Number of protein chains: 2
Amino acid sequence: MFSKSCEYAIKAMIFVAQKSKENLRVGIKEIAKGTDAPEHFMAKIMQDLSRRKLLHSAKGPNGGFYMDNTDLKNSIADIVKAVDGGSFYKDCVLGLKVCSEKNPCPVHFEYKAIKKNLISMIENNTLADFNEKLETGKFFLKNK
Amino acid sequence: MFSKSCEYAIKAMIFVAQKSKENLRVGIKEIAKGTDAPEHFMAKIMQDLSRRKLLHSAKGPNGGFYMDNTDLKNSIADIVKAVDGGSFYKDCVLGLKVCSEKNPCPVHFEYKAIKKNLISMIENNTLADFNEKLETGKFFLKNK
DNA sequence: ATAATAAAAGAGTTTTTTATCTTTTATTTT
DNA sequence: AAAATAAAAGATAAAAAACTCTTTTATTAT
Ligand code: SF4
Ligand code: SF4
C-alpha cells in the first residue's frame, strides 16, 4: 500500500503533531525512538518532509521538528503524496497499461468504489484530527 | 498492493484461463507475450503456480500450461495467497506492530470496512467469472 | 531410437528499497 | 568568541525484489 518510508513518515508526523500541540520541538533521536524507526533513515525522511514544507525545523539547541497550526491541517494524503509521489493515486490492482471507463478490466467498477473510499480516508484525516482522536483515549498508536 | 510477481501471476492466470476454455495449452513464450511480461521471470512464476496446484502443465511437444474446470474455480485471492503469501491479509495501512479492536489506530474502523470490501473483491472473483465477463465484450484486459 | 519441444530447475545479475555512517552547516546558549 | 546542540547533506552499505541466462529433464511425435 504505502512504502516503508511513507509508513515511517506518517507515524513520525503524528508523533511530532502530538508534541507540537504541547509546543514542544522534537529531535530526530526522539522521533526515531517514539516511532520505533531507524534513526538515520528517519532523519532522511524528516529532512525531505521539511524541505517539502509539511513541517518546520530549527537547528541548534532547543531545535528540532515542529508544526504550526497550518502544518497540522495536512492530511495523511499530503504525506503520502510527498513521500510516495502520485503512485498511490495512479497505481491500480491489476497494473494494466491500457484501461479506462470504456475499457474496464473485470473488477474495475468494484475496485473503483473501494479506491474512492481509500482516497477519502487519507484525504479526510488531518493530523489535527488524529490529535483529537488520540486525546479522547479511545484510539491508540503503538509501535512496540 | 500486490507484488509485481503477483500482478503478472494474475494476468497470466486469466490468460491461460481464456485459452483453456478453448481447450488450448499455452507455452511460456506465448504467456509472456500475451501478458507483456519478461519471459524467464514469468516462467518462474508459472512453475510456482503449477507446483502449488493452481493449474496444470505438460512437458514436451503440444505441452504447456492449462486449466481444468477445478482450476477455473480458483479466485484472485487464491493466486494472491500462492504468490504473496498472507501479507495482503495481514498487512495494514499504518504498519503498526501493536493494535487490535480494543487498541485501534485512528483510522481502524474506517479502514476495516474498506479492507473487507477489498477481500471480498478478490475472493468472489474466480477465473471462470473473468472468462464470462470478458466474453460479454463489456470488459477488457489490455497490457499494451 | 532420435530429434524436437517445452517445462523445471538453478545460478547469476541488475535494480530498487531500505538502512547506516560520516561530515558539514546552522543556531543558540553560555 | 567558544562550546554545545541539532538539522542537513552526502556517501555507502545491506537487503529485498525484479529480472536474465544456462542447463537439465521429461514428453512426444516422427
Ligand atoms: S480497476 Fe479500472 S483502472 Fe484499475 S486496472 Fe482495472 S480497469 Fe484499470
Ligand atoms: S488499528 Fe486497525 S487500521 Fe490501524 S493499523 Fe491496526 S489493524 Fe490497521
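What you see is a predicted model, and the numbers here were worked out from it, not measured in a lab. Note on naming: letters A, B, ... go to the chains in the order of the sequence lines (proteins, then strands), and numbering restarts at 1 for each one.
B/Glu39 and B/Lys33 are not joined by a salt bridge, as no carboxylate oxygen comes within less than 4.0 angstrom of a charged side-chain nitrogen.
In this structure, CD of A/Glu39 is placed 10 Å from P of C/dT20, rounded to the nearest angstrom. When the C1' atom of D/dA7 is taken as reference, atom CD1 of A/Ile31 falls 10 Å away, rounded to whole Å. Spacing between atom CZ of B/Phe65 and atom P of D/dA26 amounts to 16 Å, rounded to whole angstrom units. D/dA7 atom P lies 9 Å from atom CE of A/Met46, rounded to whole Å. What separates CD1 of A/Ile28 from C1' of D/dT5 is a distance of 13 Å, to the nearest Å. Taking atom CE on A/Met42 and atom P on C/dC21, their separation rounds to 17 Å, with Å as the unit. Spacing between atom CD1 of A/Ile45 and atom C1' of C/dT20 amounts to 13 Å, rounded to whole angstrom units. For the pair B/Glu7 CD and D/dA17 P, the interatomic distance rounds to 15 Å; values are reported in whole Å.
In this structure, the side-chain hydrogen bond (donor to acceptor under 3.5 Å, both in side chains) partners of A/Ser3, at least two apart in sequence or on a different chain, are A/Asp84. For A/Lys44, there are no side-chain hydrogen bond (donor to acceptor under 3.5 Å, both in side chains) partners two or more places apart in sequence or in a different chain. Remark: A/Asp48 engages A/Arg51, A/Arg52 in a side-chain hydrogen bond (donor to acceptor under 3.5 Å, both in side chains) (not counting sequence neighbours). Remark: A/Ala43 engages A/Ile28, A/Gln47 in a side chain to side chain contact (heavy atoms under 4.5 Å, CB included) (not counting sequence neighbours). Residues meeting the ring-ring contact (aromatic ring centres under 6.0 Å, His included) test with B/Tyr66, sequence neighbours left out: B/His56. Applying the ring-ring contact (aromatic ring centres under 6.0 Å, His included) criterion to A/Tyr8, with sequence neighbours excluded, gives A/Phe41.
For the pair B/Ser50 and C/dA7, the criterion of a side-chain N or O lying under 4.0 Å from OP1 or OP2 is not met. When the side-chain nitrogen and oxygen atoms of A/Tyr8 are compared with OP1 and OP2 of C/dT18, none of them lie within a distance under 4.0 Å. For D/dA6, the OP1/OP2 oxygens have no side-chain nitrogen or oxygen of A/Ser57 closer than 4.0 Å. Taking 4.0 angstrom as the limit, B/Ser5 places none of its side-chain polar atoms (N or O) nearer than this to OP1 or OP2 of D/dA17.
Side-chain atoms of A/Thr35 come within 3.5 Å of backbone N or O of A/Ile31 as a donor-acceptor pair. Judged by distance alone, the side chain of A/Lys133 and the main-chain N or O of B/Pro106 form a donor-acceptor pair under 3.5 Å. Under a 3.5 Å cut-off, the side chain of B/Asn131 and the backbone N or O of B/Ala128 do not form any donor-acceptor pair.
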At a cut-off of 3.5 Å, list every protein nitrogen or oxygen paired with a nitrogen or oxygen from nucleotides 24-30 of chain C, distance to 0.1 Å.
from, atom 1, to, atom 2, distance (Å)
C/dA26, O4', A/Lys59, NZ, 3.1

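Between its opening and closing five pairs, the helix from C/dA1-D/dT30 to C/dT30-D/dA1 changes axis direction by 0°, a value rounded to 10 degrees.
Every pair passing ring-ring contact (aromatic ring centres under 6.0 Å, His included) that includes a residue from residues 85-140 of chain B is listed here, sequence neighbours excluded: B/Phe2-B/Phe88. Residue pairs meeting the ring-ring contact (aromatic ring centres under 6.0 Å, His included) criterion with at least one member in residues 9-40 of chain A, sequence neighbours excluded, do not occur.
When hydrophobic clusters are built by joining Ile, Leu, Val, Met, Phe, Trp and Tyr residues whose side-chain heavy atoms come closer than 4.5 Å, directly or via intermediates, B/Ile114 is grouped together with B/Ile119.
Counting heavy-atom neighbours within 6.0 Å of B/Asn69 CG, excluding the residue itself, gives a total of 12 or less.
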field: Contact letters for nucleotides 9-15 of chain D, in which S counts primed atoms plus P, OP1 and OP2 and B counts the base, heavy atoms under 4.0 Å
entry: BBB----
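For DNA chain D, none of the residues of residues 79-91 of chain A falls under the heavy-atom distance limit of 4.0 Å.
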